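Here the structure is a predicted model, which means the values were calculated and not measured.
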Amino acid sequence: MVMMTRKDADWKAPRPTPITAKSVDRAMEAEAARAAHEHHARAAWYDRARDAVVMLLRDGRIFGAERARIPSLAEATPRQLRTLQVTEDGAFLMVPACDLHINVEGLVTRLLEGSPAALRRSAARSVGAMTSAAKTAAARRNGRLGGRPKKAA
């Protein structure tokens, strides 16, 4: 049972706006523009003490990884990495001393996909999607008992 308060009774649902092809196109364009710059760097540097490449992303996040986790930089020397810089649009890291360009989006995505948290989420998603006779039987038993317990309000 849902309890309503006086404050809830005065609430009115917002007037629905129709979804048109034009509004969908606008939303898709806005999302594409946002996603195009999601992982662009504003600045980058080599942290010699930690042997890591660090980036300040345009949205304010700081992202870094040990040099050994970036295969294209594994053979670069600290002296070469001091020349690390970001392209004007922020899409690439450049190491002029090595004549090397690294795509920031690809680097961030690759490193995040290999993180322990990402691996746990992926494994949990896979296990949760699996079906079995035992899982089906348990769901039936729970359904006969009234389903999931209601959350306390």
Check your understanding: Yes or no on side-chain contact (heavy atoms from CB on, under 4.5 Å) for T87 and M94, after CA distance, side-chain angles and deciding distance?
Key -> CA-CA 7 Å; T87 58; M94 296 186 316; 3.7 Å; yes
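Side chains of V53 and E66 form no contact here, defined as non-hydrogen atoms less than 4.5 Å apart. When side chains are defined from C-beta on, R67 counts as touching D51, because their heavy atoms get closer than 4.5 Å. Proximity of V108 to F63: side-chain heavy atoms (C-beta onward) are separated by under 4.5 Å at one or more points. Residues W45 and L56 form a side-chain contact, since some pair of their non-hydrogen atoms from C-beta on lies under 4.5 Å apart. In this structure, the side chains of L93 and N103 stay at 4.5 Å or more apart for every pair of heavy atoms. Side-chain atoms of E75 and Q80, non-hydrogen and from C-beta on, never get closer than 4.5 Å to each other. Side chains of R110 and P71 form a contact here, defined as non-hydrogen atoms less than 4.5 Å apart.
To the nearest 0.5 Å, atoms NE2 (H40) and CE (M55) are separated by 11.5 Å. From R141, atom CZ reaches atom CZ of R144 across 8.0 Å, with rounding to the nearest 0.5 Å.
Closest non-hydrogen pair, R58 versus A41, comes out as NE-O, 3.8 Å. When all heavy atoms are compared, the tightest approach of V86 to A43 is CG2-C, 3.6 Å. For the pair V104 and G90, the tightest heavy-atom approach, listed with the atom from each and the gap, is CG2-O, 3.6 Å. Considering all non-hydrogen atoms of both residues, R42 and L57 come closest at NH2-O, 3.9 Å. Residues S23 and P18 come closest through the heavy atom pair OG-O, 4.4 Å.
Linking Ile, Leu, Val, Met, Phe, Trp and Tyr whenever their side-chain heavy atoms come within less than 4.5 Å puts I70 and L81 in one cluster. Both L73 and Y46 sit in one connected hydrophobic cluster of ILVMFWY residues. Membership requires side-chain heavy atoms under 4.5 Å apart, directly or through other members. With hydrophobic clusters built from ILVMFWY side chains whose heavy atoms lie under 4.5 angstrom apart, F92 does not share a cluster with L107.
For Q85, the CD atom counts as densely surrounded, since its 6.0 Å shell holds more than 12 non-hydrogen atoms of other residues, nucleotides or ligands. When the shell of 6.0 Å around CG of D99 is examined, it contains 12 or fewer heavy atoms from other residues, nucleotides or ligands. When the shell of 6.0 Å around CZ of R50 is examined, it contains 12 or fewer heavy atoms from other residues, nucleotides or ligands. Applying the 6.0 Å contact sphere to CG of L145 captures more than 12 heavy atoms from other residues, nucleotides or ligands.
Taking S132 as the reference, nothing meets the side-chain hydrogen bond (donor to acceptor under 3.5 Å, both in side chains) condition, with sequence neighbours excluded. Under the side-chain hydrogen bond (donor to acceptor under 3.5 Å, both in side chains) criterion, R82 pairs with no residue at all, not counting sequence neighbours.
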